[in-house]
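Below: one structure, written as structure tokens.
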Protein chains: 2
Amino acid sequence: MTNPIPNASATVPGGQARGDATRSRLLAAALDSFAIRGFHGTSTRDIAQSAGMSPAAVYVHYRTKEELLYALSAAGHRHVLQVVEEAAAMHTAPADQLREIVEQFAAWHARFHTNARVVQYEMAALTEEHKREIASLRRAVEMRVRAVIASGVARDEFTVRTPNTAALAVLSLGIDVARWYREDGPWTPEEIGQRYGDLALNMVRSSRSAC
Amino acid sequence: MTNPIPNASATVPGGQARGDATRSRLLAAALDSFAIRGFHGTSTRDIAQSAGMSPAAVYVHYRTKEELLYALSAAGHRHVLQVVEEAAAMHTAPADQLREIVEQFAAWHARFHTNARVVQYEMAALTEEHKREIASLRRAVEMRVRAVIASGVARDEFTVRTPNTAALAVLSLGIDVARWYREDGPWTPEEIGQRYGDLALNMVRSSRSAC
DNA sequence: GTCTATAGTTCGATAGAC
DNA sequence: GTCTATCGAACTATAGAC
């Protein structure tokens with residue numbers, strides 16, 4: 001799995017390679033600050049200093065601070081949607097699909113927790129137009145999870161009585177990982193994914209109804 | 001259930017009643033702004049204007065903007081801990097206790113979603129000392145949920161293999177309500193509580209193991 | 001306890017040299 | 001594309017009159 005932030009060093013030689021590398025450094029610096037202090041708690045001077053350049057140099061690459069946030073939010077949202085789509089495509093049985101989706105979704109929020117914090121908690125700082133664009137990516141993720149749960153219910157493999165609420169709930173499990181995850185914590189992203197995948201399957205298969 | 005923000009109108013006549021009423025107005029104004037724009041996205045001028053006073057008048061009642069945040073965060077945390085303790089005390093069977101806790105916890109995050117947002121997403125803006133004090137209240141909530149799940153596992157009423165992860169997960173369900181809840185949404189806080197209570201019970205009683 | 005006025009700092013963003 | 005220098009606005013918080 002690749003990093004959600006496009007890296008200039010992966011682009012073809014020549015062309016915009018050097019400029020792209022600087023943009024990547026800026027994105028990485030902004031991501032760290034936004035994740036720790038939030039968009040409004042971060043100054044453009046903070047970002048410039050982390051990226052090793054003057055405050056003015058930032059504006060050669062991004063016209064506003066919000067544009068930096070948008071680039072990070074969009075890249076993260078597109079990446080997480082791709083991860084969810086690929087997880088669903090790996091299986092045909094709804095139970096396998098749901099487990100895989102939750103596993104990858106939760107692991108993503110741990111592995112890329114700084115980007116995940118920006119994705120999940122800084123949407124309010126986007127311009128209205130950017131907010132709308134991001135919202136459609138989020139809708140796509142939710143619809144994918146709803147479809148998997150609905151198909152499991154239709155096949156009588158899931159017994160949950162409120163499938164759309166269950167979709168929201170399994171997404172909440174993964175999203176909240178971005179809030180509490182610490183790199184020096186006791187679990188790896190993969191372990192978190194596995195445990196949450198199990199719990200999510202339990203959620204949609206009520207023990208009462210199944211017995 | 002009372003409001004998490006202490007209201008001056010409930011205090012005895014005389015004494016600090018008038019001053020308390022002004023403090024309550026300030027707290028309410030700060031809460032609204034912090035919930036929508038975040039601590040760093042809110043200026044003391046915003047708060048003063050919402051409360052109908054001059055920017056300078058704020059400082060008669062609170063010495064810093066952070067002190068306002070701390071008052072809101074502490075009141076919210078103390079309230080949610082009380083709600084969880086009372087929910088646990090209502091029952092003796094772990095299944096009933098867990099359902100009641102999750103029901104009340106999730107409903108609280110919907111009913112008091114502005115306070116919940118401050119409680120869950122603005123901790124980083126507190127001073128180190130205030131952060132430590134709040135952290136101990138949060139620990140108390142988590143330990144209470146862990147104890148209920150552990151007792152259900154000990155009695156073979158719950159079959160979950162990772163009880164502490166399950167405790168974290170059921171709390172995540174409730175906490176994330178603060179992020180997505182809208183007052184004009186399709187569900188009442190009570191409905192959310194009931195549905196999430198069901199889902200949480202499913203989580204700790206794996207259908208596979210039970211059958 | 002409220003106000004007007006403002007000190008002193010920091011903010012986002014720009015100008016212009018190299 | 002980077003820098004130094006800075007503009008104009010907004011910020012937290014305080015001073016002092018009433």
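Below, read A as the first sequence line, B as the second, and so on, with proteins coming before strands; counting in each chain starts at 1.
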Residue whose nearest DNA chain D nucleotide is more 5′ - Gly52(A) or Ala56(B): Gly52(A)
Parallel, tilted or perpendicular, as decided by the 30° and 60° cut-offs, for the rings of Trp180(A) and Trp187(A): perpendicular
Plane angle bin for Phe112(B) and His79(B) - parallel if under 30°, tilted between 30 and 60°, otherwise perpendicular: perpendicular
Proximity to the side chain of Ser54(B) - top-ranked nucleotide from dT4(C), dC3(D), dA13(C): dT4(C)
Minimum-distance nucleotide (side-chain atoms of Val60(A) versus dA13(C), dG1(D), dA15(C)): dG1(D)
How many whole angstroms separate atom [atom1] of [X] from atom [atom2] of [N]?
| X | N | atom1 | atom2 | answer |
| --- | --- | --- | --- | --- |
| Glu67(A) | dG12(C) | CD | P | 15 Å |
| Met53(A) | dT2(D) | CE | C1' | 9 Å |
| Asp46(A) | dT9(C) | CG | C1' | 15 Å |
| Arg63(A) | dA15(C) | CZ | P | 14 Å |
| Arg37(A) | dT10(C) | CZ | P | 15 Å |
| Leu26(A) | dA13(C) | CG | P | 14 Å |
| Gln49(A) | dT10(C) | CD | C1' | 14 Å |
| Ile47(A) | dT2(D) | CD1 | C1' | 18 Å |

Gln82(A)-Glu86(A) side chain donor-acceptor pair, cut-off 3.5 Å: yes
Distance-only donor-acceptor check, side chains His113(B) and Glu183(B), under 3.5 Å: yes
Residues Glu129(B) and Arg132(B) bridged, charged N to O under 4.0 Å: no
side-chain contact (heavy atoms from CB on, under 4.5 Å) between Arg179(B) and Gln120(A), worked out: CA-CA 9 Å; Arg179(B) 186 186 55 82; Gln120(A) 302 301 350; 4.2 Å; yes
Does OP1 or OP2 of [N] have a side-chain N or O of [X] closer than 4.0 Å?
| X | N | value |
| --- | --- | --- |
| Thr22(A) | dT2(D) | yes |
| Tyr59(A) | dT14(C) | no |
| His61(B) | dT2(C) | yes |

Qualifying residue for salt bridge (Lys or Arg N to Asp or Glu O under 4.0 Å) with Glu142(A), from Arg139(A), Arg138(A), Arg146(A): Arg146(A)
Would you tabulate the nitrogen or oxygen pairs shorter than 3.5 Å linking the protein to nucleotides 7-10 of chain D?
none

